[in-house]
Amino acid sequence: MEQKYVIEGYSFSSRAEYDRALKERETIAYLRANTKTEDVKAAYKIYKTSVDKKSFQTVFGLQYMGELRKRLLTAESVTEDMLDPIPLEARSFSGASQNASSAGELDRARQQEKKYKEAYENAKAGSRIKNFLILVLVLLVAAMLVVTYKSQYSVFTYFTDYKENMREELVDEYEQWEEELQQKEEELQQKEDELQREQEEQNAE
C-alpha cells in the first residue's frame, strides 16, 4: 500500500517534500511567535533573508512569505521596489497549473519513479536506510535548537537582542538541514539510477 504524506489537507509526493514542509511549518510557527506584528525592521530582515536564501519552497512557506510581503507593504517606510519577488520552484505549484497532457506525463513519471523505488527498497532495504537518515537529521536539528534555546534564554541575556540572534540562527540551521537533506536525496537518486542500469543490463541479457 502506497504511503501518503499529508499535512493540513496538502499531499506531498515524497518523504523529503513532506519533511521539508514540516520543517518550514515549524520555522514559521517560531518566527510568528517571536516577531511582533508591528516590528517592520525584523519582518523586512526575515523577508530579505528568506528570499536571498530561498528558505521557503513548500506551500506553507510561500503562504507565509505572501503574508509577510503584504504586511511590509502596509508600512509607510516600505515600498514595492524595496521588496524582491518571492522565488518559486516548479515543484511548489506543479499540481495546480498542469494541463491534461502534462498531467498525464506527470502521472507516468510518478509511476515509473514508484517502480524504481520499490525495486530499490526490496533489493537494498532502502526504506529503512532512508528513514534512519531522516531521523538522524531531525534529531540533529532538534539538538541544535535545544542548545540554542538553553544558551540564549538566561538572565544574562534578557536585556540584549537575543531574540534577533535566535531568528538568525534558526534560519542558518534550517539552511544547513536543507543542504544535508538535498545531499541525501541525491545519493538516493544515484543508487536508484545504478539499480535501474543493472536491471536494464539483466533484461538485455
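The shortest non-hydrogen separation linking Ala21 to Ile7 is CB-CD1, 3.9 Å.
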Check: When you look at Glu200 and Gln196, which way does the side-chain hydrogen bond (donor to acceptor under 3.5 Å, both in side chains) test go after all the steps?
Finding: CA-CA 6 Å; Glu200 290 177 350; Gln196 179 183 0; 3.2 Å; yes
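Rounding to the nearest 0.5 Å gives a distance of 10.0 Å between CG of Leu181 and CD of Glu186. Between the CD atom of Glu187 and the CG atom of Leu133 there is a distance of 8.0 Å, given to the nearest 0.5 Å. Separation of atoms OH (Tyr5) and OG (Ser11) is listed at 10.5 Å; rounding is to 0.5 Å. How far CG of Asp39 is from NZ of Lys45: 11.0 Å, rounded to the nearest 0.5 Å. For the atom pair CD1 (Ile46) and CG (Leu72), the distance works out to 9.5 Å, reported to the nearest 0.5 Å. Here the straight-line distance linking atom CD of Gln189 with atom CD of Glu194 works out to 11.0 Å at 0.5 Å rounding.
Taking a cutoff of 4.0 Å between a charged side-chain nitrogen and a carboxylate oxygen, Glu179 and Lys184 do not qualify as a salt bridge. Electrostatic pairing of Asp19 and Lys23 does not count as a salt bridge here, judged by no charged N lying under 4.0 Å from a carboxylate O. In this structure, Glu24 pairs ionically with Arg20, as a charged nitrogen and a carboxylate oxygen lie closer than 4.0 Å. With salt bridges taken as basic N to acidic carboxylate O contacts below 4.0 Å, none links Asp193 and Arg197.
In this view, Tyr47 satisfies the ring-ring contact (aromatic ring centres under 6.0 Å, His included) rule with no residue, not counting sequence neighbours. Ser50 pairs by the side-chain hydrogen bond (donor to acceptor under 3.5 Å, both in side chains) definition with nothing, not counting sequence neighbours. Scored by the ring-ring contact (aromatic ring centres under 6.0 Å, His included) test, Tyr44 finds no partners at all (sequence neighbours excluded). Take Phe12 and apply the ring-ring contact (aromatic ring centres under 6.0 Å, His included) test, not counting sequence neighbours, and it matches no residue.
Counting non-hydrogen atoms of neighbouring residues, nucleotides and ligands closer than 6.0 angstrom, the NZ atom of Lys48 reaches no more than 12 such neighbours.
Below 30°, between 30° and 60°, or above 60°: for Phe56 and Tyr64 the angle between ring planes is above 60°, a perpendicular geometry.
A heavy-atom distance below 4.5 Å is found between the side chains of Asn131 and Arg15.
Checked by atom type and distance alone, the side chain of Thr35 never pairs as donor or acceptor with a backbone atom of Arg32 at under 3.5 Å.
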All N/O donor-acceptor pairs, side-chain side in residues 75-88, below 3.5 Å, sequence neighbours left out:
{"from": "Thr79", "atom 1": "OG1", "to": "Asp81", "atom 2": "OD1", "distance (Å)": "2.3"}
{"from": "Glu80", "atom 1": "OE2", "to": "Arg69", "atom 2": "NH2", "distance (Å)": "2.5"}

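Ile134 belongs to a hydrophobic cluster whose remaining members, ordered by chain and number, are Val138; membership requires side-chain heavy atoms of ILVMFWY residues under 4.5 Å apart, directly or through intermediates.
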